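Notes for the one structure printed next.
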Amino acid sequence: MSRPILVTSALPYANGAPHFGHLVGAYLPADIFVRYHRLLGSDVAFVCGTDEHGVANTLGAEREGVPYQEYVDRGHRRWQAAMDRLGIDFDNFSQTSRRDPQYPLAQEFFLRLLKNGRLKRRDIRQLYSPATSRFLADRYVVGTCYVCGCESARGDECPSCGTWLEAAKLVNPRSAEDADDKLELRETWQYELDLAPFATDPAVKPWLDELRGRMKTNVRSFVFDKTIEGEGLVARPITRDLPWGVPLPDHDLDGNPIEDVDGKVLYVWFDAPIGYISSTIEWARATGRDWRRYWIRSADEAPDKGPRLIHFIGKDNITFHCIVFPAMLAWQTLEGAAGEIPEKNKLRGAGDGERWVLPENVPANEFFNLEGKKFNKSTGWVIDIDEFVAKYGVDRTRFYLATAMPETADSDFLWREFKAKTDTLANVFGNFAVRILKFVGKHFDNRVPPAHGFEDEAARVAECIETRTRQVADAIEGYTFRKAIEGFLGLAEDGNLFLDRTAPWKLRKTDEAACGGALHLALQLLPPLSVLAAPFIPETAARLRAMLNLPAREPGPLLPAEPLAAGHELGTPEVLVQKIEADEIAAEVEALNARAESADS
RNA sequence: GGGGUCGUAGCUCAAUCGGUUAGAGCAGCGGACUCAUAAUCCGUCGGUUCCAGGUUCGAGUCCUGGCGGCCCUACCA
């Protein structure tokens, strides 16, 4: 039995608008990886959900005058629709504001960290808004810069002199939302999670060392060179004063009251990654599975034997997924102490002799820009996903984005590249299938001709299939998706070469049986092509199988490839991938520039 | 301010630990072919590896400085 695999994509903030940058960073690569594993028949679960707590969501809801829940529900539907449109096929797409199991689970994480002495209570002074009865985060504060006197400095940075500011020292601080809302400094307290011992913790160190060797280099340098060995790890607050979020529990695991928790919630970053777990639980309940199979391993089991946890994220999320969330998971363990806990606080997570799984890898991508500049809705520098997919289709969208993924460095959406790459798909891949199938349809009664001669070529064809299949599989397992695309396109290239070598259109005039023999071999490339392409362009791959008159493939090993038997009747060939007109691209670029200019004025 | 990262052909990207003459695809140019979506196949052109120094037998790769892009950062998910 293969190891269970849990794949997660970064939880999108409900407040935000989906764009290609999100897609290419965390959703598309995860979806390709998962679809590949489903082909193999791996025990894989793919979960995500919207991240719905936090200040940005409360402010958004208030600005529109709707209840928080209604506001985030709407955001959730927006994200769900975008994911559906792009064929991102989650097993479950949840919401962190669904009370069960997210709230009790997040509270349990908090309580166990507390019991383990990982949390420290700290008194602090924060800017408070009397008008809205709450403490404001720095970015929602404006005031007069204490360095240069600029009157519209933000709480974190002065736009005029560029100084990094301390919000509490601003002169005349007021709310960014409402200039009449004068802020005052008030005493409050928060819990902090002290990360300083993380990297040297004996429960963490071996895992961290292994992770270091496995990680993509862009992630490794960030986590190790910069964060752990550079800045060092510090304490981070995990609670806030807010009316929206997971409330702090009022009793600890031993049944003692926790004082003064009114109005306090878990900080959104704390409950967000727990959303991965509750999304898994939700899915498991709905499908009658055991969620613990994906999250919990036995303490004495080697880490390379238990479940595989893989987080696909953008680079902005690296610290949380490589350090903060693993710390939260590792420090849940209450060895020996679990028995003393009152029944009502009984655990749903790791018990005695068990551990939460720590991520096997965090294949973070970099950022994706549009024609050299950041995607930006307010300046019109965006591409509307709905419109785009409606016009160009989901598979050409996925294919181009996969070829342009920012795997090692930031990259760009470029309209001219969109045409160039998808035309290559049409020419090399689509046309290859069609040129064979039409030929067979015209001259061989649309049935697979019998094998005949070409023994050397038959061996070469078989070798191409094996080599390309391995190339695609290795590349996907190594999170190098652009290389994987070269693999399946390469198989079509091998096929085009084969046809040019054997030239069945010439043989047809001289040796009908040999002509059929050549086509018989060429046809054998098409089933594996439909399989290797499927994770990237699922709809097109399915259409190819329909054109081959093949049923959906049963999950299982990719090799040996499915043969097409002589006499098998084929389906109807039609254009597999459309090409794009040059004028269309010119018009798109013009429209983009026009939008940006009108937003500018 | 501090830190990180990237800069390679007209374009998009490769290049293991520092190791042969820096490789692909696209675009361009020339040719072959006609089954196919003006497609495919062959050949060819194309480089001061951002700049200036340094270490080394040897540097795209390591070091120092500079320029440019991007990211992170002291209670932003």
Side-chain angles (χ1 to χ4, degrees), chain A residues 10-16 50-57 96 122 124 126 135 137-140 154-157 162-168 190 192 217-218 221-223 225-227 230-231 234-240 267-273 314-320 366-367 369 372-374 403-404 406-412 414 416-417 419-421 423-424 426-428 430-443 480 482-483 485-486 489 492-493 495-501 503-508 515 518-519 522 573-579:
Chain A
L11 304 186
Y13 206 53
N15 187 49
T50 33
D51 178 6
E52 305 192 337
H53 294 130
V55 182
N57 280 312
T96 57
R122 206 159 86 108
I124 52 169
Q126 272 187 300
F135 291 93
D138 289 354
R139 56 186 295 208
Y140 298 105
R154 291 184 0 163
D156 48 0
E157 187 184 18
T163 309
W164 293 89
L165 302 175
E166 277 179 61
Q190 306 297 352
E192 285 183 342
T217 52
N218 62 321
S221 59
F222 188 89
V223 171
D225 304 346
K226 173 175 150 48
T227 306
E231 297 161 357
V234 295
R236 305 181 78 115
I238 66 158
T239 58
R240 300 210 68 178
Y267 210 140
V268 58
W269 67 254
F270 186 89
D271 90 276
K315 67 174 163 186
D316 52 331
N317 261 323
I318 289 174
T319 311
F320 282 94
E366 304 287 301
F367 282 171
N369 298 311
K373 286 187 280 183
K374 286 182 106 149
T403 65
E407 287 176 346
T408 55
D410 289 0
S411 63
D412 288 276
L414 299 171
R416 61 177 183 281
E417 283 293 312
K419 173 177 162 53
K421 291 278 166 57
D423 281 1
T424 299
N427 292 338
V428 174
N431 180 60
F432 170 61
V434 172
R435 67 190 291 210
I436 300 170
L437 291 171
K438 285 205 174 165
F439 198 108
V440 174
K442 217 175 279 179
H443 301 295
T480 50
R482 291 187 306 209
K483 209 188 258 179
I485 284 177
E486 284 172 28
L489 282 186
E493 256 172 54
N496 282 318
L497 281 166
F498 169 84
L499 286 180
D500 273 48
R501 276 200 308 273
W505 48 91
K506 279 184 184 157
L507 289 173
R508 193 176 67 83
C515 172
L519 290 169
E574 54 185 32
V575 169
L576 248 191
V577 184
Q578 296 282 353
K579 294 212 280 186

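We name chains A, B, ... by the order of the sequence lines, and we start the count at 1 in each one. A quick note: this is a predicted structure, and the numbers were derived from the prediction, not measured.
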Output the rounded distance in Å from [atom1] ([X]) to [atom2] ([N]).
X: A:I485; N: B:C13; atom1: CD1; atom2: C1'; value: 13 Å
X: A:E493; N: B:U40; atom1: CD; atom2: P; value: 10 Å
X: A:R508; N: B:U34; atom1: CZ; atom2: C1'; value: 12 Å
X: A:E417; N: B:C13; atom1: CD; atom2: P; value: 8 Å
X: A:F498; N: B:C35; atom1: CZ; atom2: C1'; value: 13 Å
X: A:I436; N: B:U37; atom1: CD1; atom2: C1'; value: 14 Å
X: A:D500; N: B:C41; atom1: CG; atom2: C1'; value: 4 Å
X: A:L499; N: B:C42; atom1: CG; atom2: C1'; value: 16 Å

Listed partners of A:K421 passing salt bridge (Lys or Arg N to Asp or Glu O under 4.0 Å), at least two apart
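A:E417.
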By salt bridge (Lys or Arg N to Asp or Glu O under 4.0 Å), which residues pair with A:E493, not counting sequence neighbours?
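A:E493: no salt bridge (Lys or Arg N to Asp or Glu O under 4.0 Å) contacts found.
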Just call it for [X]: base, sugar-phosphate, or nothing, with non-hydrogen atoms closer than 4.0 Å on any strand.
X: A:K483; value: nothing
X: A:N317; value: base
X: A:V440; value: nothing
X: A:Q578; value: nothing
X: A:G430; value: base
X: A:N427; value: sugar-phosphate
X: A:L414; value: sugar-phosphate
X: A:T403; value: nothing
X: A:L497; value: sugar-phosphate
X: A:R416; value: sugar-phosphate
X: A:Y267; value: sugar-phosphate

Identity of whatever pairs with [N] - Watson-Crick or G-U, under 3.5 angstrom:
N: B:G28; value: B:U44
N: B:U5; value: B:G69
N: B:A52; value: B:U64
N: B:A15; value: none

Take atom [atom1] in [N] and the same atom in [M], then report the distance between them in whole Å.
N: B:G4; M: B:C57; atom1: C1'; value: 33 Å
N: B:U49; M: B:C62; atom1: P; value: 16 Å
N: B:C70; M: B:U56; atom1: P; value: 37 Å
N: B:G10; M: B:G66; atom1: P; value: 29 Å
N: B:A14; M: B:G25; atom1: P; value: 16 Å
N: B:G60; M: B:G19; atom1: C1'; value: 13 Å
N: B:G23; M: B:U40; atom1: C1'; value: 24 Å
N: B:A59; M: B:U16; atom1: C1'; value: 16 Å

In the structure I gave you, are the side-chain heavy atoms of A:Q126 and A:Q190 within less than 4.5 Å of one another anywhere?
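Of all side-chain heavy-atom pairs linking A:Q190 with A:Q126, at least one is under 4.5 Å.
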Listed nucleotide nearest any side-chain atom of [X], set [options]:
X: A:F439; options: B:C33, B:U12, B:C35; answer: B:C35
X: A:V575; options: B:C35, B:U34, B:U37; answer: B:U37
X: A:W505; options: B:C42, B:C33, B:U40; answer: B:C33
X: A:K442; options: B:C35, B:U37, B:U40; answer: B:C35
X: A:T424; options: B:C35, B:C26, B:U40; answer: B:C26
X: A:V577; options: B:U37, B:C41, B:C75; answer: B:U37
X: A:L576; options: B:C33, B:C13, B:U37; answer: B:U37
X: A:A420; options: B:C26, B:U37, B:U34; answer: B:C26
X: A:F367; options: B:U34, B:U37, B:C71; answer: B:C71

Got a salt bridge between A:D271 and A:R240, using NZ or NE/NH1/NH2 to carboxylate O under 4.0 Å?
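Looking at A:D271 and A:R240, the cut-off is not met.
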Does [N] have OP1 or OP2 under 4.0 Å away from a side-chain N or O of [X]?
X: A:N369; N: B:C70; result: no
X: A:R482; N: B:A14; result: yes
X: A:K438; N: B:U37; result: yes

Go through it in stages, so that I can follow the logic: the residues are A:W269 and A:D51, the test is side-chain contact (heavy atoms from CB on, under 4.5 Å), and I'd like the CA-CA distance, side-chain angles, deciding distance and then a yes or no.
CA-CA 9 Å; A:W269 67 254; A:D51 178 6; over 6 Å; no
Quick one: closest heavy-atom pair of A:E52 and A:T50, and the distance?
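Answer, listing the atom of A:E52 first, then A:T50: OE2-OG1, 2.7 Å.
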Minimum-distance pair of heavy atoms, taken over all atoms of A:N496 and A:F432
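That closest heavy-atom pairing would be OD1-CD1, 3.4 Å.
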Atom CZ of residue position A:R122 - does it have more than 12 heavy atoms of other residues, nucleotides or ligands inside 6.0 Å?
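12 or below, so no.
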For RNA chain B, whose closest nucleotide is more 5', that of A:K579 or that of A:R435?
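Per heavy-atom nearest nucleotide, the more 5' residue is A:R435.
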Drop me the distance from A:W505's CH2 to A:L519's CG, to the nearest 0.5 angstrom.
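Reported value, rounded in 0.5 Å steps: 9.5 Å.
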